[in-house]
Every structure is written in C-alpha cells, then in structure tokens.
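Report on the structure given below.
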Amino acid sequence: MSDSSDDDIPLSKRSQQESRKRKLKVEKEESDFSDDEVPLKIRGKKAAAAAKNKSAPVAKKPKAEPSDDSHVSTAPVKKNGASNGKANGKVKAENGTAGAKSAKKRETKKGATPVDEDGKTEQEKEEEEAYKWWEAEQNDGTVKWTTLSHKGVLFPPPYEPLPKHVKMKYDGKPVDLPVAAEEVAGFFGAMLESDHAKNPVFQKNFFNDFKAVLKKAGGANVAIESFEKCDFTDMFNYFEEKRLEKKNMSAAEKKRIKAEKDKIEEEYKVCYLDGRKEVVGNFRIEPPGLFRGRGSHPKTGKLKSRVMPEQVTINIGAEAEVPKPPEGHEWAEVKHDNTVSWLATWKENINGATKYVFLAANSSLKGMSDFKKFEKARQLKNHIDDIRQDYRRELKDEKMVNRQRATAMYLIDVLALRAGGEKGEDEADTVGCCSLRYEHVTFKPPNIVVFDFLGKDSIRFYQEVKVDHQVYKNLKLFKRPPKREGDELFDRLDPPSLNKHLQNYMPGLTAKVFRTYNASKTMQDQLGKIPNKGTVNEKMVAFNAANRAVAILCNHQRTVSKSHEQSVGKIEDKILEIKFQRYRLKMQLAQLEPARKKKDPAYFERDAELTDEVIDKIIDNILTREREKIVKKVQRDNEKRAAEGETKLSEKEVEKETKEKLKAVSELEAVYAKEKKSSFKMPEVTVSSAEKVEQQIEKLNERITNTTLQLKDKEDNSTVALTTSKINYIDPRLTVMFSKKYSVPIEKLFSKTLREKFKWAIESADEKWVF
DNA sequence: CGCGGCACTTAGAATTGCCAGG
DNA sequence: CCTGGCAATTCTAAGTGCCGCG
C-alpha cells in the first residue's frame with residue numbers, strides 16, 4: 001500500500017501536541033538518562049514510587065522467548081469442562097421462584113410461630129444459605145433483581161473537637177482554629193509520620209484546602225500563610241496517645257466496644273435480594289479525610305469532604321420501605337432500578353468519581369459475575385489458537401493500523417499487559433498497552449525489548465523481554481521519527497477499537513479476558529507439574545510457587561515491609577548460629593573418633609561463612625540474649641510473687657538475684673573463650689557417644705535446611721503479592737481441584753472469606769476439573 | 001464518532017486479628 | 001503468658017469497558 005510512509009505520522013496532530021506539552025516540563029532533565037536506572041522522567045515525577053519498586057531493574061532475566069510452540073501449542077480442549085460442575089443447564093429451581101418461595105415462608109412462619117427477635121429459626125437460616133445460584137438457571141444478567149430491600153448507608157460519626165490543650169502551632173504559638181479547620185488540620189496531624197505527609201505535593205494540596213476551610217470558617221487568631229510554620233506534633237502525639245490507650249484497654253472493654261460497634265452495623269450489613277439474605281459490602285459512607293492518591297497523583301492530599309445524605313442516591317425495590325435519612329436530612333434521590341446492583345451511590349468531590357455501595361464478594365450477584373468471568377476466559381481457549389495465528393500474521397500487515405493492533409495483542413497476550421485507556425492531566429501518569437509511549441520501550445539488539453513504565457497504581461513494570469523478531473521490528477518502527485518522547489507508540493489504536501476487533505473472535509472478548517485466561521492457564525500448567533507426594537506442607541510450598549508464577553505474570557507487587565530487612569537479618573543470624581553449633585558438634589565428633597576426620601576431612605572443615613569475626617559476633621549475640629533472658633525472668637518471677645500475695649523482693653534483692661544467675665552466662669562465656677584458643681577445634685566433649693553427636697548434627701542439618709528454605713521463600717515473596725491473583729485471576733475451581741486431588745485441606749488454600757466468596761467453586765469442582 | 005458518564009472489577013495500603021515462639 | 005510478626009480483612013483508589021448523547 002502506498003500509504004505506508006505517511007502512515008508513520010500519527011493521525012491526530014492534536015494528541016501529539018498534547019503529549020508533547022505534558023512532556024515539556026521534564027524535558028531538560030532528560031539528558032543523562034542511563035540504561036540501568038529509572039528513566040529520569042519517572043524518577044523526577046515519582047521518586048518515592050520508583051524507589052519502592054527497587055526490585056525491578058537489570059537483575060531481571062529476560063523472559064523466555066514465547067516461541068510459537070510453547071505458547072500457542074495449547075491443544076484446544078473440547079468443551080468438556082462445564083459438565084463437571086452442575087452449573088451448566090441443570091435447572092434446580094427457576095430463577096426468582098426459589099427466592100420468592102423462601103420469602104413467603106418467612107412471612108407465614110413469622111405469623112404462626114413465636115420466634116425470637118430477629119424473626120428467624122435456625123432452620124430458616126440454613127434454608128436461606130442453602131440457595132445455590134450456581135445450580136439454578138442463569139438469566140441474561142441485565143435484570144439483577146426483582147425485589148430488593150435494605151437499610152441504606154451508615155454515616156461516619158460527626159467530628160469530635162480536640163481537647164482544648166491540643167492545638168496546632170503556628171510559628172511556635174498555639175492557634176485557635178475553628179472546629180471545621182481543626183478537623184482538617186487533624187487529618188494531616190494524624191498522618192504526620194506517614195510517607196504521604198512528607199510528599200510536597202500532598203503538603204501543598206492539603207495546605208491549600210486547609211486554608212480555604214479556615215478562611216470560610218472565619219480564620220484563626222493568627223494569619224496562617226506558610227505550611228512550614230505549621231506544627232502538628234501536638235495533634236499527632238494526642239492521636240498516638242489515644243491509640244495506645246485503646247491498645248492497652250482490657251480485653252473485656254475491647255470486647256464491649258466491639259459489640260457496640262457491631263450492634264450499630266448490624267442492620268446495615270445485610271439486605272434482602274429476591275427475598276434472600278445477602279451481605280452488603282461497604283455500607284459505610286467514606287469518612288472525610290485527605291485524598292491518598294497513589295504514585296505522583298497531582299491531587300494527592302486534597303480534602304475529601306464529608307458526604308451529606310443530600311448527595312446520596314438510594315436504589316431499592318419499589319415494594320420495599322425506603323430507609324430513613326438521618327434526622328433533618330433527605331436523600332438526593334430514591335431510585336428503583338433493577339438493572340444495576342448498587343444499593344446507594346454518591347459522587348466524590350476530588351475527581352468527581354462515582355462511589356457505590358455494592359453487595360459483598362460472597363453475594364450471589366458478585367458470585368454470578370465472577371463465575372461468568374471465568375467461564376468467558378475458559379471459552380477463550382477455543383479461540384486462542386486462531387487469534388495467535390492471526391496476530392502473528394498481521395504483525396507484517398501492510399496497514400499500519402493492523403500492525404499496531406497485532407503488536408498490541410502480542411503484548412497483551414504474552415506480557416499480560418492491561419488494555420491501557422486514555423488518562424487525563426489531573427491523574428497520575430500511568431499507562432497500559434495502548435497508551436505506551438516512546439520513552440517506555442528501548443531496544444537491545446538483536447531482539448530484546450526493555451519495557452519500563454508505571455502501570456496501574458503506579459506500580460513499575462520493568463522487563464527485558466526477548467520478543468518475536470517482527471515484534472522487535474514493529475516496535476522500532478512505531479518509534480521512528482517524527483515520533484519522539486511523549487508520543488504514543490500505538491497512535492492508531494485504542495482499547496475500544498482493539499476490543500471491537502476481539503469481538504470478531506468471540507462475543508464478549510476484550511483485552512482484560514487475556515489476563516484472566518493466561519493467569520488461570522499458567523496456574524493450571526504449574527499445578528500440573530507438582531508431584532502428588534510428600535507432606536501437606538511441601539504441597540503448600542509448591543502451590544504457592546505456582547501462585548507466585550501467576551502473580552509475577554500479572555506483575556502484582558507489594559512494597560517490602562519496613563521490617564523486612566531486619567527480619568531477614570534475624571533469620572540469617574539464626575542460620576549462622578546453628579552452623580556454628582554444628583561446627584562445634586563436629587569438632588566433638590572429631591575428638592571422639594579421630595579416624596573419621598582422617599577419612600573425610602572435608603566434612604570437618606569449618607563453614608566458609610564462619611570467619612573469626614562472624615563467630616565473635618555470634619557468641620556476642622548468644623551471650624547478650626542469655627543475659628537479657630535472665631534479667632527478664634527474675635523480674636517476671638518477682639511480679640508473680642507479688643501477684644500470688646508474697647512480698648516482693650526489693651530492688652537490691654532483685655539485683656542480687658540477677659547477678660547470681662548471670663554467673664551461669666559468664667561461665668558460658670568462659671567456655672567459648674577457652675574454645676576460641678583452639679579456634680574451636682577442641683571444644684569440651686559434652687555428648688557421651690559419637691552416635692549421639694551425629695544425631696544432634698543431623699537435627700541441626702534439618703534446621704538449617706528448613707530455615708534456609710524459609711528465608712528463600714521470604715525473599716522470593718517479599719515483593720510479590722499473591723493474593724491479588726488468587727482473588728481475581730486464578731479460576732478458584734483450579735484451587736479446589738488441587739485441594740481434592742492432592743488432599744490439601746481447602747482451609748489451607750483459601751481463607752474463610754475466600755471460601756465464602758468461592759463457595760460456588762468449592763461445591764462444583766472435583767479433582768478432575770480442568771480450566 | 002468521540003467523549004463523558006456510569007457501573008463494575010481489580011489493586012495495594014492500612015488496619016485489625018490471631019497465634020507461634022520466646 | 002505476651003507479644004512481634006504475619007495473615008486476614010477492610011478500605012478505597014484506579015483500572016476496564018460499555019453506552020448514550022450531541
């Protein structure tokens with residue numbers, strides 16, 4: 001086609017200019033871009049986020065080339081799957097009728113039998129819970145309910161002013177803030193030690209809104225103009241104090257408070273959908289606070305204002321009683337729309353986004369759509385071969401649009417990228433496939449592409465990928481001048497057009513289905529490799545490794561916890577200490593059976609890590625620990641004495657007893673000191689026979705293996721979040737299959753909440769189930 | 001046909017609860 | 001028995017995708 005050359009010029013001048021504009025701000029920084037670092041643009045924009053995702057660069061090995069065979073070879077499994085579950089077709093109860101029936105029953109029973117306050121017998125409760133939507137006929141999904149009743153939403157309590165002595169200070173002097181302004185200042189004060197509060201954008205946005213609220217409320221006794229002069233430490237300390245107070249409350253009191261809270265929530269947390277009791281997910285109106293935007297969100301720190309009933313729309317069955325708005329207030333609107341699943345909605349003031357109250361994850365509505373999601377993904381396996389064949393061919397299509405589409409499909413399929421819709425100026429700069437820009441890909445000949453961009457939630461995606469030759473060529477082509485930084489790679493493609501194309505293969509097929517499909521497919525393949533033997537614990541480790549493979553595919557990350565490094569250090573120390581003790585045992589063995597050492601000197605060699613300095617440190621650790629233990633024990637014993645009515649020891653007596661007991665540690669110290677003289681080669685022989693020493697060594701060996709494994713697992717998991725894929729991407733029937741086939745209790749694989757959410761899967765899949 | 005609104009899923013952080021190991 | 005650390009749960013931000021309107 002003749003258009004191929006000017007095809008390279010982006011279609012929309014306007015969008016190009018826009019993206020350039022966006023780019024300009026940071027252009028001057030761009031010159032010293034270095035290969036193994038976060039691109040400067042990103043660094044500048046979000047030092048914090050980039051830093052937290054430090055795991056990414058360089059170290060990552062390139063992904064295995066997704067050769068046609070490995071990836072595409074999936075033999076199309078014939079439509080067998082659904083027959084395993086009863087879900088398909090079997091009509092147990094006509095939809096709706098079942099619910100209506102049970103609702104009716106409740107009515108009659110209420111009248112006939114004297115029942116307790118909540119109006120139900122145990123039997124009835126069981127009946128309600130026994131409704132198995134997955135065994136009922138599926139409707140088309142546009143009508144979500146026929147009857148719906150609920151109690152509306154729970155508003156957060158009104159603001160409680162701080163005690164008079166707790167004040168923000170300005171320029172060192174306490175400020176009298178109007179209550180409304182004090183509340184906002186308190187929001188910041190409470191977060192003082194958080195990363196947010198240290199973020200200049202957060203500070204600026206907070207301060208602007210704070211000043212506005214202050215002004216509107218009539219101002220303070222001093223003019224507040226500079227954020228730097230504001231001191232929130234008193235507020236912070238006060239909240240901290242409160243928190244501690246709460247923590248130190250007696251168990252009984254805590255329980256009482258919890259019971260009180262539960263009582264208030266009780267009526268809100270359930271609703272009746274088609275007569276069946278269902279749990280409401282988030283009946284609580286979001287409390288006011290400071291907006292915690294992720295990554296470098298331009299609006300982070302802005303005041304999220306209090307939601308009033310007048311802003312809240314209620315959706316409820318026409319037959320049901322409308323919940324009362326709080327005294328003196330009214331709802332924005334009351335609707336009866338049974339094509340939607342929300343119970344209430346309001347608009348949030350920061351981004352104008354709509355918030356909803358939905359049912360909980362274990363509800364029938366959510367369950368059904370979850371089920372449909374996975375069934376749709378399963379269906380993809382019947383088309384995936386065709387799709388892959390087509391996009392591979394179209395990688396060379398003469399039409400630029402098709403080439404871009406094919407390349408995007410490759411990335412979505414192989415790298416599990418998200419669709420990547422358009423984003424606005426007032427949001428964090430994150431991208432997905434279709435919105436990838438010039439600066440997000442670089443090349444390493446002959447065929448490695450380096451992807452480095454921020455995806456959803458500003459999570460960094462960094463991968464050096466060996467790609468199909470044509471993909472490599474295409475991406476280079478998409479970067480050709482006049483394109484430059486800030487320009488979209490896929491300038492002729494957007495999610496709607498991509499999805500429209502996908503519908504040709506399969507109704508309902510969209511970009512996101514590939515993530516679900518590939519995640520579940522990967523899980524199935526990984527599970528398939530696990531040998532059906534060993535302990536439950538070993539099987540769990542293998543299962544988690546499979547889960548981890550999926551999480552890595554989907555780039556599900558988590559920030560390493562603050563304590564991570566410390567706890568890794570602790571485990572490492574523990575391993576060293578065991579090795580040291582093992583060495584001492586081996587030396588005892590050598591003394592007991594000198595011949596052994598002659599025969600196998602390597603066995604008796606000191607571990608390379610156990611340098612003299614390390615040993616000194618180990619001994620020091622041991623001694624300190626022992627001493628601390630004794631000090632604590634003496635004190636505890638003394639407390640006990642008091643508790644049992646005996647007279648407490650005086651401080652002096654305590655000191656004396658401690659000293660006495662510490663002698664044992666000093667003796668131990670002397671033993672080590674003596675052993676050190678022979679470089680620990682001649683420890684005192686404390687075990688009676690060589691055999692017993694060997695037994696002890698074996699025990700230590702086991703502990704070393706276990707602890708090392710535990711450490712590796714911890715490291716491997718430190719940046720990977722397993723739960724997201726478990727909750728959203730891995731067909732739960734795979735987990736159920738694994739549980740049954742490998743006899744691993746489902747409780748070990750799904751938490752209580754997940755078991756409720758995936759009840760449909762637990763009750764419908766068996767050990768032979770296939771995705 | 002493009003775009004803003006709407007409804008819903010997906011996501012990591014923050015908070016809470018629990019229990020193993022000192 | 002206590003409590004630190006981890007797992008579970010809660011919270012709400014940030015995506016996807018579709019639809020209706022001008």
Side-chain angles (χ1 to χ4, degrees), chain A residues 12 49 52-53 141 144 191 194-196 243 246-247 254 258 281-282 284-287 289 291-295 297 299-300 304 313 315 337 339-342 345 347-348 350-356 358-361 365-366 369-370 372-373 418-424 427-428 430-435 454-459 494-500 502-503 508-513 515-516 519 551 554-559 561-564 566-567 570 625 628-629 632-633 636 639-640 643 714 717 719-725 727-729 750-757:
Chain A
S12 147
K52 87 177 181 186
N53 292 310
K144 314 277 168 134
M191 305 171 68
S194 72
D195 288 346
H196 289 297
R243 211 172 52 86
K246 206 172 145 195
K247 206 179 124 194
K254 276 184 197 165
K258 173 120 193 344
N282 56 327
R284 204 182 290 277
I285 293 281
E286 291 175 16
F291 175 66
R292 292 146 125 101
R294 312 267 172 89
H297 193 121
K299 294 186 177 180
T300 194
K304 199 168 100 164
T313 296
N315 191 36
D337 183 352
T339 69
V340 295
S341 68
W342 53 267
T345 183
K347 206 166 242 174
E348 152 266 353
I350 309 265
N351 302 299
T354 319
K355 301 282 190 164
Y356 298 93
F358 289 123
L359 297 193
L365 281 182
K366 293 279 191 187
S369 69
D370 217 26
K372 282 181 184 160
K373 172 184 80 186
R418 296 187 183 83
E422 224 187 339
K423 292 197 74 187
E427 297 174 272
T430 62
V431 297
C433 185
C434 295
S435 49
L454 298 179
K456 183 180 181 182
D457 293 302
S458 294
I459 294 297
D494 55 15
S497 67
L498 174 62
N499 286 337
K500 208 178 152 209
L502 293 175
Q503 316 279 320
L509 183 60
T510 61
K512 85 192 268 280
V513 180
R515 264 168 87 81
T516 315
C554 296
N555 199 39
H556 291 145
Q557 301 188 10
R558 57 177 189 168
T559 31
S561 68
K562 275 184 200 143
S563 57
H564 176 73
Q566 200 190 1
S567 68
K570 266 189 194 165
R625 195 175 58 216
E628 275 169 9
K629 240 195 242 169
K632 264 197 183 157
K633 177 149 194 339
R636 239 213 322 267
E639 296 299 321
K640 213 184 250 170
K714 199 187 183 83
N717 263 340
T719 58
V720 183
L722 300 190
T723 51
T724 308
S725 48
I727 293 173
N728 299 300
Y729 288 103
F750 284 147
S751 68
K752 181 168 149 311
T753 354
L754 281 192
R755 288 199 298 279
E756 274 162 22
K757 166 170 170 154

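Below, all heavy atoms of this structure are taken into account, side chains as well, without hydrogens, waters or symmetry copies. Per chain, numbering begins at 1; letters A, B, ... match sequence-line order.
- Nucleic acid contact for A/T345: none, since no nucleic acid atom lies under 4.0 Å from a heavy atom of the residue.
- Residue A/G420 is in sugar-phosphate contact alone, with no base atom involved, counting any heavy-atom pair closer than 4.0 Å across all strands shown.
- Nucleotides of DNA chain B nearest to A/Y356 and A/S725 differ in position, and the one nearer the 5' end is that of A/Y356.
- Dashed line: the shortest gap from a side-chain N or O of A/K247 to OP1 or OP2 of C/dT3 is not under 4.0 Å.
- One donor-acceptor pair, N or O on each side, does fall under 3.5 Å between the base of B/dT10 and the side chain of A/K456.
- Dashed line: the shortest gap from a side-chain N or O of A/N728 to OP1 or OP2 of B/dT9 is not under 4.0 Å.
- Side-chain N/O atoms of A/T510 include none lying less than 4.0 angstrom from OP1 or OP2 on C/dT16.
- Using a 4.0 Å cut-off, no side-chain N or O of A/K355 falls inside it from OP1 or OP2 of B/dC6.
- Among the atoms of the strands shown, only primed sugar atoms or phosphate atoms (P, OP1, OP2) are found under 4.0 Å from some heavy atom of A/Q503.
- Residue contacts shown for A/K254 are absent, as no nucleic acid heavy atom lies under 4.0 Å away.
- No engagement by A/S561 is indicated, since no non-hydrogen atom pair under 4.0 Å with the nucleic acid exists.
- Taking 4.0 angstrom as the limit, A/K144 places a side-chain polar atom (N or O) nearer than this to OP1 or OP2 of B/dC8.
- For the pair A/S369 and B/dC8, the criterion of a side-chain N or O lying under 4.0 Å from OP1 or OP2 is not met.
- In this structure, A/T345 contributes its side chain and A/K355 its backbone to a donor-acceptor pair below 3.5 Å.
- In terms of phosphate contacts, A/K512 brings a side-chain nitrogen or oxygen within less than 4.0 Å of OP1 or OP2 of B/dT10.
- Contact annotation for A/R515: backbone-only contact, meaning every heavy-atom pair under 4.0 Å involves sugar-phosphate atoms and none involves a base.
- Between A/K570 and C/dG5, a side-chain N or O to OP1/OP2 separation shorter than 4.0 Å is present.
- Contact annotation: A/S567 side-chain N/O to C/dG4 OP1/OP2 distance is not under 4.0 Å.
- Here A/A511 lies in heavy-atom contact (under 4.0 Å) with sugar-phosphate atoms only.
- Looking at heavy-atom distances under 4.0 Å, A/G293 makes contact with sugar-phosphate atoms alone, never a base.
- Contact between the side-chain N/O atoms of A/H564 and the OP1/OP2 oxygens of C/dC6 is not found at any separation under 4.0 Å.
- Across all strands shown, A/F358 has heavy atoms under 4.0 Å from base atoms, whether or not it also approaches the sugar-phosphate.
- Within the structure, every side-chain polar atom (N or O) of A/K299 is placed at least 4.0 Å from both OP1 and OP2 of C/dA13.
- Closest to the side chain of A/R418, out of C/dG17, C/dA14, C/dG15, is C/dG15.
- Remark: A/T723 is not in phosphate contact with C/dA8, judged by side-chain N or O atoms under 4.0 Å from OP1 or OP2.
- Remark on DNA chain C: of its neighbouring residues A/G508 and A/K752, the 5'-side contact belongs to A/K752, judged by nearest-heavy-atom nucleotide.
- Toward the 5′ end of DNA chain B lies the nearest nucleotide of A/W342, the other residue of the pair A/H556 and A/W342 mapping further downstream.
- A/K757 comes within contact range of no nucleotide atom at all, as no heavy-atom separation falls under 4.0 Å.
- Within 4.0 Å of A/K372, counting heavy atoms only, lies no atom of the nucleic acid at all.
- Between A/Y729 and the phosphate of B/dA11, there is a side-chain N or O to OP1/OP2 separation shorter than 4.0 Å.
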